[in-house]
Asker: 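Mind having a look at this structure? Questions to follow.
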Amino acid sequence: MIQTVRGTRDILPGDMPLWHRVEDVAREAFRRYGFHEIRTPIFEKTELFARGVGEATDIVHKEMYTFVDRARADSEGESLTLRPENTASVVRAYIQHKIFADKSPGELTKLYYIGPMFRRERPQAGRYRQFYQIGVEVMGSSDDPAIEAEVIEMLDWFLKELKITNTTLLINSVGEPASRAAYLETLREAIRPKLDQLCADCHHRFETNALRVFDCKVESCQAIVKDLPVITDSLDEASRAHFEQFKAHLDARGIAYTINPRMVRGLDYYTRTAFEIIGHDGLGAQNTVVGGGRYDGLSETLGGPPTKGFGFAFGLDRMVMSLPDGEVEGLRAADAPDVFIVFLGEAARQHSFNLARDLRQAGVAVAIEFEDRKMKKAMAAAAKAKARYALIIGDNEVATGKYGLKNLQTGEQESLSLEEIISKLN
RNA sequence: GCGGGUAUAGCUCAGUUGGUUAGAGCGCAAGAUUGUGGCUCUUGAGGCCGAGGGUUCGAGACCCUCUACCCGCCCCA
């Protein structure tokens, strides 16, 4: 049997209402907050991610699906990559189409996207090789922290609307590239004397990304790590002021947060504000549902004009997993037909086809089977489909033009004409 | 890339120290009930017990190899 490849999965019709719910609420949030959709290709030139996301990141150096395109007679095949994230692509599109060109100073470009991303990691709960993200990017000349607070306010509304309540907002500032580099040096100097007391993983982290030692789960490492200097104590003055304003904007909106000076994002392009929302219900060890931050300078890195940027992405898969059980049940039921037609005999069958068409043209969701079954079986099928009504049609009904409309919840049944049925259901 | 676990019906799972025709619940089908669902009862269909090899008189079970999936580490959404 041919199966889905490792880390990919079919999202079956039974779960689709949950995905639609998350997408619908997200689109509604974006409409209210003035975001517009953009769709970029699922694969791009490898160089885009190498430069945009960062050559040294795990994503680029060990998780990308990269392949060489077919060569032409006059050139070698070029290296292409399935997108591991979407920010680099959106910024590329922003530059390529000069989306900034008709904007006045201070005017923002606010975009959102939704679609699959690809990373070649070992799958586990809440982690897939093809996964889905919904994200936004705010680009322009302004880096006002009020922008950041507003985006988080939108997320706050979004989560509440989905009844996902047990979450924590973590915020941090990773500073300007220069101050971050200086801090990293300070940190490494602080770690170096204690290096022999740290675990093997931490030795590796020390070499590649020293900030990561803060995340180590080994107890003996944590004991050392808790006394190390944190980035928020060595921010440049501008970043510190920016962070203070950001927090004030959140306070003014009544949005609760936890400062986590040890939170690091895995992509190179982040500057200053970084944030994360972690969920606590329905998730495995991978409990980050939203990750985002500021990426001033990414445009320049990709050959575009000086641009400030702020955005986030959330994992659709993880968001769906976070939906409370109580919500899930109702969402699944919403997919059911309004009316299930139960017919008896060939004449009624033929009549039912036209009736189904008329109802559908009037906007009613109609289910009909094509096999003439015993009424008891047909009624059971209607109940199984969770139809709101059964429409019963036999020879009598065809003759009189009055059909039996039975409410399957209450069991009440009345005899109605087509017009009466339509007006009742609309 | 590394570690742990699991693999038996469509689904969720039992299956004793190795012993006859491999079971349950749910689901599916038929009937009790010839024009009225959910509840109940009866009956039925549905299995190369993940693959290959080995031990044995005998393997779903024990051993080896492989594969797949799940969970975790790294890292991230």
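Quick note on labels: first sequence line is chain A, next is B, and so on, each numbered from 1.
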Asker: Over how many whole Å does the gap from A:Tyr389 atom OH to B:G37 atom P extend?
Answerer: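 Nearest whole value for this atom pair: 19 Å.
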Asker: Can you measure A:Arg120 atom CZ to B:C75 atom P for me and round it to whole angstrom units?
Answerer: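 In whole Å, B:C75 P and A:Arg120 CZ are 18 Å from each other.
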Asker: Could you tell me whether the side chain of A:Lys406 has a donor or acceptor atom within less than 3.5 Å of a complementary atom in the base of B:G37?
Answerer: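 Such a pair is found, so the answer is yes.
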Asker: What nucleic acid atoms does A:Ile59 come within less than 4.0 Å of, heavy atoms only: base, sugar-phosphate, or nothing?
Answerer: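 No contact.
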Asker: Over all strands shown, is A:Asp395 touching base, sugar-phosphate only, or nothing at heavy-atom distances under 4.0 angstrom?
Answerer: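 A:Asp395: base contact, heavy atoms under 4.0 Å.
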Asker: Rounded to whole angstrom, note down the C1' distance from B:A68 over to B:A51.
Answerer: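 One C1' to the other, the span is 10 Å.
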Asker: In whole angstrom, give the distance that lies between atom NZ of A:Lys384 and atom P of B:C39.
Answerer: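 Spelled out: NZ on A:Lys384 to P on B:C39 is 13 Å.
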Asker: Report the nucleotide, chosen from B:G37, B:C75, B:C73, that has the shortest atom-to-atom distance to any side-chain atom of A:Ala285.
Answerer: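 Nucleotide nearest to A:Ala285's side chain: B:C73.
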Asker: Tell me what A:Tyr132 touches on the nucleic acid: a base, only sugar-phosphate, or nothing, going by heavy atoms under 4.0 Å.
Answerer: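 If one applies the 4.0 Å heavy-atom cut-off, A:Tyr132 turns out to touch nothing in the nucleic acid.
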Asker: Just checking A:Ala382: base, sugar-phosphate only, or nothing, at a heavy-atom cut-off of under 4.0 Å?
Answerer: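 Nothing, no nucleic acid heavy atom in range.
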Asker: Once you apply a heavy-atom cut-off of 4.0 Å, does A:Glu412 come out as touching a base, just sugar-phosphate, or nothing?
Answerer: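 Nothing: the residue A:Glu412, judged by heavy atoms under 4.0 Å, touches no strand.
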Asker: If we take the P atom in both B:U17 and B:C63, what is their distance in whole Å?
Answerer: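 After rounding to an integer number of Å, I get 14 Å for this pair.
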Asker: Taking atom types as they are modelled, would you say the side chain of A:Glu276 forms a donor-acceptor pair with the base of B:A77 within the 3.5 Å cutoff?
Answerer: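 Answer is no: no donor-acceptor pair is held.
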Asker: Rounding to an integer number of angstrom, what distance separates B:A7 and B:G15 when you compare their P atoms?
Answerer: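 So the two P atoms sit 10 Å from each other.
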Asker: B:G37, B:G3, B:A77: which one has an atom nearest the side-chain heavy atoms of A:Arg122?
Answerer: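 Per side-chain heavy atoms of A:Arg122, the pick is B:G3.
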Asker: Taking the six-membered ring where the residue is Trp, are the ring centres of A:Phe118 and A:Tyr65 under 6.0 Å apart?
Answerer: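 No - the distance between ring centres of A:Phe118 and A:Tyr65 does not fall below the 6.0 Å cut-off.
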Asker: At under 4.0 Å between heavy atoms, what does A:Arg205 touch on the DNA or RNA strands: base, sugar-phosphate, or nothing?
Answerer: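 Sugar-phosphate: the residue A:Arg205, judged by heavy atoms under 4.0 Å, touches backbone atoms but no base.
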Asker: Counting the atoms with a prime plus P, OP1 and OP2 as sugar-phosphate, which does A:Val290 contact under 4.0 Å by heavy atoms, base, sugar-phosphate, or nothing?
Answerer: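 Sugar-phosphate, no base atom in range.
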Asker: Under 4.0 angstrom, heavy atoms only, what part of the nucleic acid is A:Glu63 near: base, sugar-phosphate, or nothing?
Answerer: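 Counting heavy atoms under 4.0 Å across all strands, the contact made by A:Glu63 is with sugar-phosphate only.
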Asker: Does A:Asn396 reach a base, just sugar-phosphate, or nothing at all? Heavy atoms under 4.0 Å.
Answerer: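 A:Asn396: base contact, heavy atoms under 4.0 Å.
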Asker: Take atom CD1 of A:Ile2 and atom P of B:U67, then tell me their distance rounded to the nearest Å.
Answerer: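 After rounding, the reported distance stands at 19 Å.
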Asker: Check whether any side-chain N or O of A:Gln124 sits under 4.0 Å from OP1 or OP2 of B:C73, and answer yes or no.
Answerer: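 Checking B:C73 against A:Gln124, a side-chain N or O does come within under 4.0 Å of OP1 or OP2.
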Asker: Strictly below 4.0 Å, N to O, side chains only: are A:Arg27 and A:Glu23 in salt-bridge contact?
Answerer: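 Answer for the salt bridge query: no.
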Asker: Examine B:C69: is either OP1 or OP2 under 4.0 Å from a nitrogen or oxygen in the side chain of A:Arg6? Give yes or no.
Answerer: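 Yes, within the criterion.
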Asker: Pairing check on B:C13: which nucleotide meets the Watson-Crick or G-U wobble criteria with it, both distances under 3.5 Å?
Answerer: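 Per the H-bond distance test, B:G23.
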Asker: Counting the atoms with a prime plus P, OP1 and OP2 as sugar-phosphate, which does A:Lys377 contact under 4.0 Å by heavy atoms, base, sugar-phosphate, or nothing?
Answerer: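 Sugar-phosphate: the residue A:Lys377, judged by heavy atoms under 4.0 Å, touches backbone atoms but no base.
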Asker: If the threshold is 4.0 Å, N to carboxylate O, is there a salt bridge linking A:Asp156 and A:Arg253?
Answerer: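 No.
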Asker: Is the distance from the ring center of A:Tyr132 to that of A:Trp19 below 6.0 Å?
Answerer: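 That pair passes the under 6.0 Å test.
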Asker: Within the 4.0 Å heavy-atom criterion, would you say A:Arg119 contacts the bases, only the backbone, or no part of the nucleic acid?
Answerer: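 It contacts base atoms.
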Asker: Contact class for A:Gly404 (heavy atom, under 4.0 Å): base, sugar-phosphate, or nothing?
Answerer: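 Here A:Gly404 touches no strand at all.
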Asker: Between A:Met375 (CE) and B:A32 (C1'), how many Å, whole number?
Answerer: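 About 19 Å, once rounded to whole Å.
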Asker: Is there a stack between A:Phe314 and B:A77, judged by ring centres under 5.5 Å and planes under 30°?
Answerer: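 The ring of A:Phe314 is not stacked on B:A77.
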Asker: Quick one: are the ring centres of A:Phe158 and A:Phe314 less than 6.0 Å apart?
Answerer: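 Ring centres of A:Phe314 and A:Phe158 closer than 6.0 Å.
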Asker: To the nearest Å, give me how far apart CG (A:Asn287) and P (B:A77) are.
Answerer: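 Interatomic distance, CG of A:Asn287 to P of B:A77: 12 Å.
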Asker: Using a heavy-atom cut-off of 4.0 Å across all strands, would you classify A:Gly135 as base, sugar-phosphate, or nothing?
Answerer: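 Counting heavy atoms under 4.0 Å across all strands, no contact is made by A:Gly135.
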Asker: Rounded to the nearest angstrom, tell me the gap between atom CZ in A:Arg9 and atom P in B:C69.
Answerer: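 Result: 14 Å.
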Asker: What's the CG-C1' distance between A:Leu405 and B:G37, to the nearest Å?
Answerer: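 It is 14 Å, rounded to the nearest whole Å.
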Asker: Using the C1' atom on both, measure B:U67 against B:G52 and round to a whole Å.
Answerer: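 Roughly 10 Å separates the two C1' atoms.
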Asker: At under 4.0 Å, does any side-chain N or O of A:Lys374 touch on OP1 or OP2 of B:G31?
Answerer: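 Yes, within the criterion.
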